[in-house]
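Reading through the structure tokens given below for one structure.
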Amino acid sequence: MPNITYIDAHGESRTVAGETGSTVMETAIRNGVPGIEAECGGACACATCHVYVDEAWAEAVGRPEPMEEDMLDFAYDVRPTSRLSCQIKIRDDLDGLVVRTPARQG
Ligand code: FES
């Protein structure tokens, strides 16, 4: 199972096992990782699952689709590698993925 590391705004790091086909958001919620709220449950309609993809992983993870891009406008402190974690599907080649959670959501 691909490991995903979440680093919070204070620099605290948590690594959990993700399931292929699940999302980075679902994996965080399932494992009690703080910093991701996911109010809409993964429908790309709330922007409270915002994360920053680590630079080294940005290319592998890819760019947001237009719908996600529009929703990201509502996220707090958007940066070049910002993504909505409910839209990042976990694949085997994302083993070791690192994402950072923002200081706050929404
Ligand atoms: S959970 Fe709402 S946009 Fe990702």
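Just follow the structure's listing: the first ligand is 1, and inside any ligand the first atom is 1. Quick caveat, the model's predicted, so the values are computed rather than measured.
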task: Determine, for Asp8 against Arg100, whether the closest basic-nitrogen to carboxylate-oxygen distance falls under 4.0 angstrom.
output: no
Any N, O or S atom of Cys49 closer than 2.8 Å to atom 4 (Fe) of ligand 1: yes
field: Under 2.8 Å: N/O/S of Cys86 next to atom 2 (Fe) of ligand 1
entry: no
field: Spacing of OH belonging to Tyr52 relative to OG1 belonging to Thr81, to within rounding of 0.5 Å
entry: 8.5 Å
- line: Between Asp77 and Arg79, the two heavy atoms sitting closest are OD2-NH2, 2.8 Å
query: Within less than 2.8 Å of atom 4 (Fe) of ligand 1, any N, O or S from Cys44?
result: no
- line: Ranked by distance from atom 1 (S) of ligand 1, the top protein heavy atom is Gly42 N, 3.3 Å
task: Count the heavy atoms of every other residue, nucleotide or ligand shown that sit under 6.0 Å from CD of Glu69, and state whether that count exceeds 12.
output: yes
field: Between Ser82 and His50: side-chain donor-acceptor atoms closer than 3.5 Å
entry: yes
field: Ligand-residue contact atoms, ligand 1 with Ala47, heavy atoms, under 4.0 Å
entry: 3 (S)
message: If the cut-off is 2.8 Å, does any N/O/S atom of Cys40 fall short of it from atom 2 (Fe) of ligand 1?
response: yes
query: How does Ala45 reach ligand 1, by side chain, by backbone, by both or by neither, if only non-hydrogen atoms under 4.0 Å count?
result: backbone
query: So which of Ile90, Val98, Thr15, Val33 actually passes side chain to side chain contact (heavy atoms under 4.5 Å, CB included) with Ile4?
result: Ile90
